[in-house]
Amino acid sequence: MAYLVMRGITKQFPGVLALDNVNFEVERGEIHALVGENGAGKSTLLKILAGALPMDKGEIILDGKPVVFHSPLDAMRHGIAVIYQEFNLVPYLSAGENIFLGREPRKFNGFVDFKKLHAEAQAILNRIGANFSSRDIVARLSVAQQQMTEIAKALSQNAKIIAMDEPTSALTEKEVEHLFEIMRGLKEEGVAIIFVSHRLEEIFQIAERITVLRDGKYVGTKRVEETNRDEVITMMVGREIKEKIPKRPAKIGDEILRVEGLTRKGVFSDITFSLRKGEILGLAGLVGSGRTEIARAIFGADPIDSGKIYLEGKEVKIRSPQDAIRLGIGLLTEDRKRYGLILPMTVRENTTLANLMEVAMRGFINFSRERAVAKRFVDELAIKTPSVEQLARNLSGGTQQKLVLAKWLFTKSKVLIFDEPTRGIDVGAKVEIYELMNQLAERGVGIIMISSELPEVLGMSDRILVIHEGKIAGELMREEATQEKIMQLATGGSIADR
Amino acid sequence: MPTDRSSDQLSFGAYLGNILLRYGIPLFIVLLCIYFTFSAPKFLTVDNLLNVLRQISINTIVALGMTFVIITAGIDLSVGSIVALSAVISTGVLKNGITLFGHTLQASYPWNVPFGIIVGLLLGIFLGLFNGFFITRFNMPPFVVTLAMMTIARGLAFIYTGGFPISELPQSFIIIGTGYLGPFPLPVIIMLICALLMHYILTRTTFGRYVFAIGGNEEAARLSGIDVNRVKLIVYTLSGFLAALAGIILAARLGSGDPKTGNMYELNAIAAVVLGGTSLSGGKGNIGGTFLGALLIGIIDNGLVLMRVSTFYQYVVKGAIILAAVLLDKIKEMRKL
Ligand SMILES: Nc1ncnc2c1ncn2[C@@H]1O[C@H](COP(=O)(O)OP(=O)(O)OP(=O)(O)O)[C@@H](O)[C@H]1O
Ligand SMILES: [Mg+2]
């Protein structure tokens, strides 16, 4: 029997059968991918494995013995660690202190033995090839480094199974490579790894077996060498879909937005570009190059030190997001939980939040109109929710992203800035979002798309600006752009043949 | 080993527990009423119940404003002192007018009473604005700003009166606290009107929606184009205004403007709000709950007096009951997850 067997797992939420009789098995020293559309039940399955959610029915058999986890601590004691997308780290403690949180080595007098703590933590960090010190404060670490801290924490507790929920979605390509090296190393040591991702290329690169969930049901498990992308996609969505990026050239009109010499000291400087109606302008660059900060400045979320913004030829002063929205500029932030949604509010309330006046009369909300609006977007964007009265908190990760999208579509903006619009979105929904961008462009909306996924930037943009260390490193037209040219500019090189 | 958590396996005790959880505070109130009815014969009389309502009217009015503040994830500790300051200023002004730089502004009878009331209310608005200004403009924690205002307003009340209550108030003022409309005491009517109004504002207007949004995730609210500072400013102003209104009613009921009144009112108001299911971390809450919370506190106070429990013990019992009621709500929340 496999090392871990989950059998007949069933979990009912009010109005949603999140897991329906799901089976899942993992061997020692195996990397096992768990895939499925947004809302298929992947995160829920991991939460049950972690002891963070009780199941309604089913059994978990670990190493031949049935087990019941009442809490994450319980699961941890059995050698199971789950690393969620939102890390469970204390930001203002050091990496080492986080790794041994609650289990600090003590000196004979009862005080924490920091020397020993950091020595042991550093040993684990070195084992996974971390490039930072155990004494570094977590808040100052990059996303990838925080993730390594989480992995080290799991290892320090002798985890035999490490499950990671979309660990690669916020990493750069290099960092993903490194994560995979770590995963392969752990596998050699006999650790089983459960890996959730929406990026199939990654899955085929790293996993040995793939388990597919659809609508909370177990569809099947395949060895990677016995299957292919198309088959997995068909298993996921229950029908065949084309994975192609469906760019439709829109009629590009007059200039709608122009930015001149936009500068925020120490963050970005002298950003000058223009955007035209119906155009999709890609902003490429490495994570941390300043793309998000430029977008936030245009949107009035952060102050600028100098520079001018023109909207339809007229200079505008944008001092707050409120100003930007009034002028018809919208920003879909990359971190939806932190900046995008009000989690304790419903789907309906989140949908109308940025344009509440539209469904109100003299300050009084017209609830039937609001409900109608929310229902329309739930249908149009295929937002997976039992009703518009569901709390945003209870939606799956990708579904939350769609809800953010709905909110901004309802503002009827002239300029929309998408910051990593397809992060955490499943294959099918990705194509839907591209289609939506096409439609917006056709309607004459100017779109700025920040993305770290090069195929997406190349596939959807009419024009690409590459940002390097807060400056525009180069501009590429759709026809001339290639992955190599973008990477060269993004890393500070210049293009020889231009 | 399959685990099945269907409800048919529940014992009778767990079944009772579930009912208690489902209906939470309202059920708690009913149980308490039954208990008091048996242990204090005077408890269940129309007179006494109206009396309870009148007793809770002041705390409820203060707690209404507090509900808004707490939903935005803030706190207002200054309301008790604003109650006292508004009580002394409105009574002082209606008796003696306003004296500034040697000039006295005084309304003549019968306008002196509305004049005093209006000055008291304006004062509450002003102090609330002041709170909101420091909280939004300088990004100071509400706890600190309103704590400072709590002692400032209390001090001002003592300075204004020299420490002595202002008494011998005209009947036309006293009636606000002691009069009746039909069988209903006036303070109860004022309380009900305020509660209904606040309920509508909170649930039906864009402003109310913004209050929830800010408490749920302030940064996301800002990025959705909500003028967070303006909403907060209004919320603290509203709280100051309602506290001043409560102060006026209190002075009318006691027949004097006493600088020592309103002590600990902020804590009673916070207790009512939290009992009503509003989360101190913001983003969640409702006016109906706050009313029930205030009612629960009122019933405890009233029942314990009727049972002749000594005041010293009352404090302890009341604290314990509040703790139990909130615990009940927490368990209910945890079960839902
Ligand atoms: N606490 C909850 N209350 C109610 N419904 C929930 C809750 N948590 C999850 N759900 C629902 O259960 C279903 C499965 O959600 P889950 O988060 O497991 O999906 P997922 O496969 O991880 O999706 P994604 O790829 O978008 O992250 C969804 O329909 C979701 O809305
Ligand atoms: Mg998920």
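A note on names: the letters A, B, ... follow the listed sequences, proteins ahead of strands, and every chain is numbered from 1. Below, each value reflects all heavy atoms present in this structure, side chains not excepted, and no hydrogens, waters or symmetry copies.
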Contact leader toward chain A among B:E218, B:E219, B:R222, where contacts are heavy-atom pairs under 4.5 Å: B:R222

Rounded distance [0.5 Å steps], CD1 in B:I226 versus OG in A:S320: 12.0 Å

Max heavy-atom pair count under 4.5 Å with chain A, selected residue of B:G216, B:G225, B:G215, B:G208: B:G225

CZ/B:F130: more than 12 non-hydrogen atoms of other groups inside 6.0 Å: no

Donor-acceptor contact below 3.5 Å, side chain B:D227 vs main chain A:Q322: no

Over 12 foreign heavy atoms within 6.0 Å of CE, A:M1: yes

Step-by-step side-chain contact (heavy atoms from CB on, under 4.5 Å) determination, A:M345 to B:R209: CA-CA 10 Å; A:M345 281 191 153; B:R209 179 69 58 79; 3.6 Å; yes

Student check: side-chain heavy atoms of B:I214 and A:I342 closer than 4.5 Å: no

Which atom of A:L353 lies closest to which atom of B:S224, heavy atoms considered: CD2-OG, 3.7 Å

Contact check, side chains of B:F212 and A:E349, non-hydrogen atoms, under 4.5 Å: no

Chain B contact via A:Q12 - side chain, backbone, both or neither, heavy atoms under 4.5 Å: neither

Which portion of A:T352 sits near chain B, non-hydrogen atoms under 4.5 angstrom: side chain

Heavy-atom neighbours of B:F138 CZ exceed 12 at 6.0 Å: yes

Chain B contact via A:T10 - which portion, at a heavy-atom distance below 4.5 Å: neither

Any A:Y339 side-chain heavy atom under 4.5 Å of B:N217 side chain: no

Region of A:A301 in contact with chain B, defined by heavy-atom distances below 4.5 Å: both

Heavy-atom side-chain contact between B:T206 and A:F364 under 4.5 Å: no

A:F367 CZ: over 12 foreign heavy atoms closer than 6.0 Å: yes

Top contributor to chain B interface from A:L343, A:L331, A:L341 [non-hydrogen pairs under 4.5 Å]: A:L341

Part of A:R296 lying under 4.5 Å from any heavy atom of chain B: side chain

